[in-house]
Amino acid sequence: MARYEEYATKEEHLHQKDKVLLNRYRAFNESLRRNSRNPFQPHQTIQEHQQHLECNSISLATEKELINELLRFHGWACIDVGREDYPQEVSLHDLIFSYEDLYRFGVWLTSTRKTMVRTTQRVVQAVISILKFLKAEGSEDENVVNQAWDRAKKLLAKIARSSENAYDRPSLCQLRKEGKALSYTDLVFVLKQQKKRVRYLIERKGEHGSRYEFLNQKLKLEYERLVVLQTLLKLPVRKSEASKIVVEGTRLKLKADERKNRKNPINIELSPSEQEIFQSWYELSTLHAWKDDVTWRPFEGVDTTTVLKAVTESIVGVPITTSILRTAVESYVEDIEDREDIRDAVHHAEGHTSDIAYRHYKRQSSEVTLKGWTNHVHPMIDHLPQTEESKDEVWSKLCSAAAASDKRWLSRFNDEMNKQKSLVKRDASPKVRSKRTTWSKEEDDELRKCMRKFRDSHFIWKDILDNSETLQRRFRGRDVLLSRAALKDRYRVLMKKSVKSSTTSLVIQPQVQKSRKPWSIDEDQELLDLESDFSASKSKWKDIFEHSELLQSRYSDTKIDLARAALKDRFRVLKKKEISAKQKVFCRNVGMKKRKISSSEDSSDSSGSEFEFDE
């Protein structure tokens, strides 16, 4: 089977009349594109100008695609009547007005070619586009054109509905009844409930000031939800576009280059209430004071879909995504009658239509185009109107869910606030030291017993705590190092008590007790002699101890290291005694010399006086 494109008739094989029709169609679309850029074209009659105002221009690529669809339609018709070798005998003009041929071509596509239903709408759109041209041109009978126009429009609507059913896409109303979506009125109701929560937190902050950090964090979170929801209700932009929104002073901007369609920039003035909300959120987020010339991206790093889900699920229990919000806005706008400016504004904000901006001056396109929608939204947000949706069963469920959610939210907030107050009071009150548990007799006996058992261990307190269940129960839940230190302190207390009571049952006697026997003259002399002999040795005290039987007998029950240390200490004592004795002898000798000198001087003085007297 040949491909779908191979059935298309080449344009040069068409009848001359059909070629002229397509050339006129191209020229008309080109004039529409020029008129969209500048509505005041020279050499243009007023009738042509009015025709161009009633029609929307299409791009050159779209024009080529529609013509190709018409050529495929013509190629099928040639095969259907068996004139594929003579395509000029089949009129394209007649096919455009033949609803029967258009219907049979759609049946052939879906049954024989096995194409999807939505694929057939392209050829119907091509037929509608050329009928629109013929209607604006006025070269055909107006009744015939209108009749073919209405039939093609109905067929296109039927194809769209069947395509939605084929993809199992339920409507917004059905999703709302199932609890999976919200209407625009429902979202405005959620916004009003969120504003109540923010006002309540502002009142609590006015009472307590900046005393509680928890209150500031809670207020920052609720402000973030409020700003995201109110901004998306006013400007239903995409998630990726929301992160690029810039606030400059009192204006909200979004460049055309940062939009998906690379067109339709947004530059609008914020209302006084919106300025206050953005200012408060800026101060809580950045901890800086607001300035009139501040420039910042409020949603940079903020997942608007996550925030939107959180606020709608928290209030009414229905998580809403950004795409569902956009659908809710579109459905709401479609129900508004005789307000083309509102529909244009929403399409401009969503970025769906690129031709709307060309209807106004480029510098003020967003301000002028969005004015109708913003003037409609602000009163609606402040005073929610009573609609048919506000009287149905779903609305009553949402109201009851919001009331229950507010109670839960308020209860959780009060519990957390009371907890924070108790923590602040506890920090402000003087710290009272907890009373220590007294040691029982059983625990003291266990400590004595373990001390006797592990007295030679290098890790005595660790072994005691690891091998005693009684002591482990006492220090259960405490740090291990602190527990070992407590054991050591308790043992010292027990030692002091034993000394005071003169009881030796508690004192653990070492294996070798120090000798308190006084040193004899022979031992001192032996020590002094050996010290002079081994004074140049590096291991002097070791050699002294090994070469003296007298000193070995003195320290027979003492460890060698302790004995050597004792010899060293005794030698220092003897040296001190020797020095003090020498000083005494020296002082005695000096005193005697002084007395001799003074006595000699006295005698010489007395003898001299007698000599002089004799003379």
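Side-chain polar atoms of Ser411 and Asn414 form no donor-acceptor pair below 3.5 angstrom. A donor-acceptor contact under 3.5 angstrom links the side chains of Ser405 and Arg197, judged on distance only. With 3.5 Å as the limit, one finds no donor-acceptor pair spanning the side chains of Ser183 and Thr185. Neither side chain, Tyr223 nor Ser285, offers a donor N or O lying under 3.5 Å from an acceptor on the other.
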**Prompt:** Going through the distances and angles, do Asp186 and Val316 end up as a side chain to side chain contact (heavy atoms under 4.5 Å, CB included)?
**Reply:** CA-CA 9 Å; Asp186 299 338; Val316 294; over 6 Å; no
**Request:** Test Phe73 against Asp101 for side chain to side chain contact (heavy atoms under 4.5 Å, CB included), laying out the working first.
**Result:** CA-CA 9 Å; Phe73 183 26; Asp101 291 334; 4.1 Å; yes
**Request:** Applying side chain to side chain contact (heavy atoms under 4.5 Å, CB included), run through Arg26 and Ile67 and close with a yes or a no.
**Result:** CA-CA 9 Å; Arg26 291 191 182 96; Ile67 292 177; 3.5 Å; yes
**Message:** Using salt bridge (charged side-chain N to carboxylate O under 4.0 Å, His left out), reason through Lys397 and Glu393 one step at a time and then give a plain yes or no.
**Reply:** CA-CA 6 Å; Lys397 290 182 180 179; Glu393 184 179 355; 3.8 Å; yes
**Message:** One pair to check against side chain to side chain contact (heavy atoms under 4.5 Å, CB included): Ile320 and Lys309. What are the steps and the verdict?
**Reply:** CA-CA 5 Å; Ile320 298 301; Lys309 282 183 178 181; 5.9 Å; no
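In this structure, Phe97 CZ and Arg151 CZ are separated by 12.0 Å, a value rounded to the nearest 0.5 Å. Between atom CD of residue Gln194 and atom CG of residue Leu187 there is a gap of 12.5 Å, rounded to the nearest 0.5 Å. With rounding to the nearest 0.5 Å, the separation of CD in Gln279 from NZ in Lys291 is 13.0 Å. Note that CG of Leu325 and OG1 of Thr327 are 8.5 Å apart. Values are rounded to the nearest 0.5 Å. Between Leu155 atom CG and Asp150 atom CG the span is 12.5 Å, to the nearest 0.5 Å. Between the CD1 atom in Ile202 and the CD atom in Glu222 there is a gap of 11.0 Å [rounded to 0.5 Å].
Closest approach of Phe28 and Ala136 over heavy atoms only: CZ-CB, 3.8 Å. For the residue pair Arg122 and Leu66, the shortest heavy atom distance occurs at O-CD2, 4.3 Å. Across Val145 and Leu131, no two heavy atoms sit closer than the pair CG1-O, 3.8 Å. For the pair Ile324 and Lys180, the tightest heavy-atom approach, listed with the atom from each and the gap, is CD1-O, 3.9 Å. Here the closest non-hydrogen pair linking Ile58 and Ser129 is CD1-OG, 4.4 Å. Closest non-hydrogen pair, Asn216 versus Lys205, comes out as OD1-CE, 3.4 Å.
Relative orientation of the Trp108 and Trp76 rings is tilted, given thresholds of 30° and 60° on the angle between their planes. By the 30° and 60° cut-offs, the orientation of the rings of Tyr184 relative to Trp373 is tilted. Ring geometry for Phe278 versus Phe299: interplanar angle over 60°, hence perpendicular rather than tilted (30 to 60°). Between Tyr332 and His376, the ring planes are tilted. Angles from 30° to 60° get that label.
Ser331 places no side-chain N or O within 3.5 Å of a backbone atom of Ala328 that could act as its donor or acceptor partner. The backbone N or O of Asn29 sits nowhere less than 3.5 Å from a side-chain atom of Glu63 that would complete a donor-acceptor pair. Using a distance-only test at 3.5 Å, with no hydrogens or angles considered, no donor-acceptor pair links the side chain of Thr112 to the main chain of Leu109. Between the Thr286 side chain and the Tyr282 main chain, a donor and an acceptor come within less than 3.5 Å of each other.
Classification of Glu69 and Arg72 as a salt-bridged pair holds, one side-chain N sitting under 4.0 Å from a carboxylate O. Glu248 and Lys253 are joined by a salt bridge, as a carboxylate oxygen and a charged side-chain nitrogen come within less than 4.0 angstrom of each other. No salt bridge links Arg412 with Asp415; every basic N to acidic carboxylate O contact stays at or beyond 4.0 Å. Using a 4.0 Å cut-off between charged nitrogen and carboxylate oxygen, Lys239 and Asp303 count as a salt-bridge pair. Salt bridge present: Lys234 and Glu274 bring a charged side-chain N and a carboxylate O closer than 4.0 Å.
When side chains are defined from C-beta on, Val246 does not count as touching Lys255, because their heavy atoms never get closer than 4.5 Å. For the pair Glu241/Leu254, a side-chain contact is recorded, criterion being any heavy-atom separation below 4.5 Å from C-beta on. The side-chain heavy atoms of Thr304 and Ser243, taken from C-beta on, include no pair separated by under 4.5 Å. Counting heavy atoms from C-beta on, the side chains of Leu235 and Leu370 come closer than 4.5 Å. Between Leu398 and Leu182, some side-chain heavy-atom pair lies under the 4.5 Å cut-off. Between Arg238 and Thr322 there is no side-chain heavy-atom pair separated by less than 4.5 Å. Residues Thr62 and Glu65 have side chains not in contact (no heavy-atom distance under 4.5 Å, counting atoms from C-beta outward). Contact of the Arg297 side chain with the Ile245 side chain is not registered, since no non-hydrogen atoms from C-beta on lie closer than 4.5 Å.
Ring pair Trp395/Phe189: centre-to-centre distance below 6.0 Å. The distance between the ring centers of Tyr99 and Trp149 does not fall below 6.0 angstrom. A centroid separation of 6.0 Å or more is found between the aromatic rings of Phe105 and His74.
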For residues 224-232, which side-chain donor-acceptor pairs fall under 3.5 Å, sequence neighbours excluded?
| residue | atom | partner | partner atom | Å |
| --- | --- | --- | --- | --- |
| Thr231 | OG1 | Val227 | O | 2.7 |

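By the 6.0 Å contact criterion, NZ on Lys177 is open, its count of non-hydrogen atoms from other residues, nucleotides or ligands being 12 or less. Remark: Glu142 CD is loosely packed, at most 12 non-hydrogen atoms of other residues, nucleotides or ligands lying under 6.0 Å away.
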